[in-house]
Every structure is written in structure tokens, then in C-alpha cells.
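Just below is one structure, and these are the notes that go with it.
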Amino acid sequence: AQSVTQLDSQVPVFEEAPVELRCNYSSSVSVYLFWYVQYPNQGLQLLLKYLSGSTLVKGINGFEAEFNKSQTSFHLRKPSVHISDTAEYFCAVSESYGNSGYALNFGKGTSLLVTP
Amino acid sequence: ETGVTQTPRHLVMGMTNKKSLKCEQHLGHNAMYWYKQSAKKPLELMFVYSLEERVENNSVPSRFSPECPNSSHLFLHLHTLQPEDSALYLCASSQGGAGSYGYTFGSGTRLTVV
């Protein structure tokens, strides 16, 4: 089974500072990778995804991620964070099920706390 | 509104009760999913419905029973639950194969078993 590891459970950062949330995946085949954000009492919202092509992927809210096949990583970055970026962030990898289905396997999440 | 609606938002039930969670999507997606989100644990995939094929995680207890009457609706029937089943239950839908489009999630049902 394909899986992801989010190396940091919590990341505190000051407002307007840069941030990197780390994600490593385990797979020997082609993968599709995703980052999701979850605000309190809400479901998950897609930030960005890597399917193929350029290894630098840009998403919503100023986030971007870089796919690194040699290091099996897909780290999420933002050059300057805002208080409103405080949330839980999940990395996910796609896995096939059955003849026509697929599902996402998620990491444990990283809690980003932005303070003034 | 995310396009995936879950009801109820909150549910408190006793261990002997029977209840159902409902999920509805009008995005034209052809796959739907149930996930369980517990504190300090990764999201656990419970069930997948894709093109009317059900694929389930073998570790899901039989007290959880999914139903997908059509491509727009998904239910999770609950009976004789345990306190450790208290969690946020998330529904998601998707379109396309191999994860190419990602998911659209509902806001979840917060379940408390007493």
C-alpha cells in the first residue's frame, strides 16, 4: 500500500515568515500527490495536486509544493504566512482499489499555528 | 457550500441505537467515500464506491454498513456502536480515475457515542 509520512505534527511560525511542511511518500511507481487543508469544524479543502509534468506545483492561497522523485518528497511551502493560514494540513497519495476505483491515503496531518 | 452535503452535522447516540449518516453530492461525480477522522490519527478510509462497485477496508467492523443507492447519495448505517467510534465522519466524492481530480469533501458529521 502507498503511504505518506508527515514529519512534523506541529509547526509554529510567526506571521509573514516563510513556512515549509514536510511530506514523504512510499511508492516505487508513478504517484499522484495532494495537499489538503482543514479549518476547524470543516471538511478538507484541496490546496494543490501533482499529477505529472512540472515538479513545482502552485495552489490556492499562495501555497506551492515541489515534487522530488529522488527524495520521494512533496513538501508544501509558502513564502509569507498569514494568521488565517492557521489550520491542519494533510498530505495524501492516490492508490488504486478494485477494477475502477481509487482512494486517497492521508498522512497524520501537520498543525500550522501562525502567531503575530 | 462545497458541493457535498452531509447530514446531520452533529449526532449523539447511545450504544444500542440505530442511526444513519447521509451524504449527497450534485457534482456529477462517479465515486463516493467514507472516512473516519479521530483525534491524533490519520484519516481512515472506510468505504469506496466507484462506478457502482463497492470496495471496503476489511478492518471496518460490521456495525458500520454503507449504502449507495445511486451515484449522488451515500449512507452510513450505524448500529450497536462503541464509545471508540466517536469521531468525525467525512464523506467525499470524486470524478475521474487514478486520483486525477482529487476529492471534494463534505463538512462531516461529528458523532459522539455515549
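Each chain gets a letter, A, B and so on, in the order its sequence line appears, and its residues count up from 1. Since the model is a prediction, treat every value here as computed from it, not as a measurement.
In this structure, the separation between OH on B:Y35 and CZ on A:F106 is 5.0 Å, given to the nearest 0.5 Å. Here B:L88 contributes atom CG and A:Q42 contributes atom CD; the two are 11.0 Å apart, rounded to the nearest 0.5 Å. Taking CG from A:L46 and OG from B:S94, the interatomic distance works out to 12.0 Å, rounded to the nearest 0.5 Å.
Tracing side-chain contacts under 4.5 Å through hydrophobic residues (I, L, V, M, F, W, Y), one never reaches B:Y89 starting from B:V114; they form parts of separate clusters. Follow the hydrophobic side-chain contacts under 4.5 Å out from A:V19 and you never reach A:L113; the two are in separate clusters. The same ILVMFWY cluster, assembled from side-chain heavy atoms under 4.5 Å apart, contains both A:V114 and A:V11. Under the 4.5 Å side-chain heavy-atom criterion for ILVMFWY residues, no single connected hydrophobic cluster contains both B:F64 and B:F75. Both A:L47 and A:V13 are members of a single hydrophobic cluster when ILVMFWY side chains are connected at heavy-atom separations under 4.5 Å.
Using a 4.5 Å cut-off between heavy atoms, A:Q45 does not touch chain B at all. Only the side chain of B:Q37 comes within less than 4.5 Å of a heavy atom of chain A; its backbone N, CA, C and O stay farther away.
Nearest heavy atoms, A:G43 versus B:L90: CA-CD2, 4.0 Å. Scanning all heavy atoms of the two residues, the minimum distance from A:F90 to B:L43 falls at CE2-CD1, 3.6 Å.
Listed for the B:Y103 side chain is a donor-acceptor partner under 3.5 Å among the backbone atoms of A:L104.
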